[in-house]
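Before any comments, here is the structure.
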Amino acid sequence: MARKSLIQRQKKRQKLEQKYHSIRRSSKKEISKVLSLSEKWQIHGKLQSPPRNSAPTRLHQRCFSTGRPRANYRDFGLSGHILREMVHACLLPGATRSSW
(Lines give C-alpha, C1' and ligand atoms only; values in the text may rest on other atoms or scores of the structure.)
Protein backbone atom coordinates (compact mmCIF):
# COMPACT_ATOMS: atom_id res chain seq x y z
CA MET A 1 0.00 0.00 0.00
CA ALA A 2 1.33 3.40 -0.95
CA ARG A 3 1.63 6.10 1.67
CA LYS A 4 -1.52 8.19 1.88
CA SER A 5 0.44 11.42 1.58
CA LEU A 6 1.76 10.36 -1.84
CA ILE A 7 -1.73 9.48 -3.03
CA GLN A 8 -3.07 12.84 -1.82
CA ARG A 9 -0.20 14.64 -3.58
CA GLN A 10 -1.11 12.83 -6.79
CA LYS A 11 -4.76 13.89 -6.45
CA LYS A 12 -3.65 17.49 -5.94
CA ARG A 13 -1.57 17.31 -9.12
CA GLN A 14 -4.55 15.95 -11.05
CA LYS A 15 -6.72 18.85 -9.90
CA LEU A 16 -4.04 21.38 -10.85
CA GLU A 17 -3.57 19.75 -14.24
CA GLN A 18 -7.30 19.99 -14.96
CA LYS A 19 -7.38 23.61 -13.79
CA TYR A 20 -4.53 24.79 -16.06
CA HIS A 21 -5.19 22.45 -19.01
CA SER A 22 -7.04 25.01 -21.11
CA ILE A 23 -4.37 27.69 -20.49
CA ARG A 24 -1.59 25.35 -21.62
CA ARG A 25 -3.53 24.20 -24.68
CA SER A 26 -4.34 27.75 -25.83
CA SER A 27 -0.74 28.90 -25.31
CA LYS A 28 0.60 26.00 -27.36
CA LYS A 29 -1.82 26.82 -30.17
CA GLU A 30 -0.65 30.44 -30.11
CA ILE A 31 2.99 29.38 -30.36
CA SER A 32 2.27 27.33 -33.47
CA LYS A 33 0.46 30.25 -35.16
CA VAL A 34 3.00 33.01 -34.37
CA LEU A 35 5.96 33.45 -36.72
CA SER A 36 8.23 35.92 -34.92
CA LEU A 37 10.70 34.55 -32.42
CA SER A 38 10.25 37.34 -29.86
CA GLU A 39 6.50 36.71 -29.63
CA LYS A 40 7.15 32.99 -29.25
CA TRP A 41 9.42 33.73 -26.28
CA GLN A 42 6.71 35.84 -24.65
CA ILE A 43 4.12 33.09 -25.06
CA HIS A 44 6.65 30.55 -23.80
CA GLY A 45 7.02 32.69 -20.66
CA LYS A 46 3.26 32.39 -20.15
CA LEU A 47 3.58 28.62 -20.41
CA GLN A 48 6.11 28.67 -17.58
CA SER A 49 3.94 30.79 -15.28
CA PRO A 50 1.53 28.04 -14.04
CA PRO A 51 2.76 25.86 -11.16
CA ARG A 52 5.08 23.01 -12.01
CA ASN A 53 2.75 20.43 -10.51
CA SER A 54 0.12 21.39 -13.08
CA ALA A 55 2.18 19.87 -15.89
CA PRO A 56 0.70 16.63 -17.25
CA THR A 57 4.11 14.95 -17.29
CA ARG A 58 4.20 15.00 -13.49
CA LEU A 59 1.20 12.67 -13.23
CA HIS A 60 1.72 8.96 -12.58
CA GLN A 61 -0.64 6.10 -13.24
CA ARG A 62 -1.34 4.41 -9.92
CA CYS A 63 -2.78 1.03 -9.07
CA PHE A 64 -6.48 1.29 -8.26
CA SER A 65 -6.35 -1.03 -5.26
CA THR A 66 -2.88 -0.48 -3.75
CA GLY A 67 -1.78 2.91 -5.09
CA ARG A 68 1.50 1.49 -6.42
CA PRO A 69 3.05 3.86 -9.01
CA ARG A 70 5.01 1.27 -11.01
CA ALA A 71 4.23 -1.72 -13.23
CA ASN A 72 0.67 -0.63 -14.03
CA TYR A 73 -1.50 -2.00 -16.81
CA ARG A 74 -3.60 0.81 -18.22
CA ASP A 75 -6.33 -1.49 -19.51
CA PHE A 76 -7.10 -2.71 -15.99
CA GLY A 77 -5.77 0.13 -13.82
CA LEU A 78 -3.95 -2.41 -11.66
CA SER A 79 -0.34 -3.18 -10.88
CA GLY A 80 1.23 -6.36 -12.17
CA HIS A 81 1.15 -8.49 -9.04
CA ILE A 82 -2.43 -7.52 -8.14
CA LEU A 83 -3.49 -8.24 -11.72
CA ARG A 84 -1.88 -11.69 -11.56
CA GLU A 85 -3.56 -12.47 -8.22
CA MET A 86 -6.96 -11.43 -9.58
CA VAL A 87 -6.53 -13.53 -12.74
CA HIS A 88 -5.58 -16.57 -10.67
CA ALA A 89 -8.63 -16.00 -8.46
CA CYS A 90 -10.82 -15.78 -11.64
CA LEU A 91 -11.96 -12.24 -10.78
CA LEU A 92 -11.20 -10.81 -14.24
CA PRO A 93 -13.41 -12.28 -16.97
CA GLY A 94 -11.70 -13.05 -20.25
CA ALA A 95 -8.17 -13.03 -18.81
CA THR A 96 -6.26 -16.30 -19.04
CA ARG A 97 -3.82 -17.58 -16.47
CA SER A 98 -0.21 -18.21 -17.20
CA SER A 99 2.37 -19.74 -14.93
CA TRP A 100 5.98 -20.25 -15.78
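Sequence positions, counted from 1, serve as the residue numbers for this chain. Keep in mind that what you see is a predicted model, and the values were worked out from it rather than measured.
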Report summary line: To the nearest 0.5 Å, atom OG of S49 lies from atom OH of Y20 at 8.0 Å
Query raised in the report: If Ile, Leu, Val, Met, Phe, Trp and Tyr residues are connected whenever their side-chain heavy atoms lie under 4.5 Å apart, and connections chain through other members, are V34 and W41 in the same group?
Result: no
Report task. Following the transitive rule for hydrophobic clusters with a side-chain heavy-atom cut-off under 4.5 Å over Ile, Leu, Val, Met, Phe, Trp and Tyr, establish whether L91 and L83 coincide in one cluster. Result -> yes
Query raised in the report: Atom NZ in K33, atom CD in E39: separation rounded to 0.5 Å?
Result: 13.5 Å
Report task. Measure the CD-CD distance between E30 and Q42 for me, rounded to the nearest 0.5 Å. Result -> 11.0 Å
Query - Partners meeting side-chain hydrogen bond (donor to acceptor under 3.5 Å, both in side chains) with Q48 (sequence neighbours left out) - result: H44
Query raised in the report: Closest approach of T96 and V87, non-hydrogen atoms and distance?
Result: O-CG1, 3.6 Å
Report summary line: Heavy-atom closest pair (K29 atom, S32 atom, distance to 0.1 Å) is O-OG, 2.7 Å
Report task. May I ask whether F64 and I82 are part of the same hydrophobic cluster, defined by side-chain heavy atoms of I, L, V, M, F, W, Y residues being less than 4.5 angstrom apart, directly or through others? Result -> yes
Report summary line: Taken to the nearest 0.5 Å, the spacing of I7 CD1 from R9 CZ works out to 11.5 Å
Donor-acceptor pairs under 3.5 angstrom involving side-chain atoms of residues 67-80: please list them, not counting sequence neighbours.
unit_1 : atom_1 : unit_2 : atom_2 : d
R68    : NH1    : R70    : O      : 3.0
N72    : OD1    : C63    : N      : 3.4
N72    : ND2    : Q61    : O      : 2.6
N72    : ND2    : R68    : O      : 3.2

Query raised in the report: Looking at NZ of K40 and CG of L35, how far apart are the two atoms once the value is rounded to the nearest 0.5 Å?
Result: 7.0 Å
Report summary line: Output for pair (K46 NZ, S26 OG), nearest 0.5 Å, gives 8.5 Å
Could you give the side-chain donor-acceptor pairs of residues 52-59 under 3.5 Å, partners two or more places apart or in another chain?
unit_1 : atom_1 : unit_2 : atom_2 : d
N53    : OD1    : R13    : NE     : 3.3
N53    : OD1    : R58    : NH1    : 3.3
S54    : OG     : R24    : NH2    : 3.0
S54    : OG     : P51    : O      : 2.6
R58    : NE     : R52    : O      : 3.4

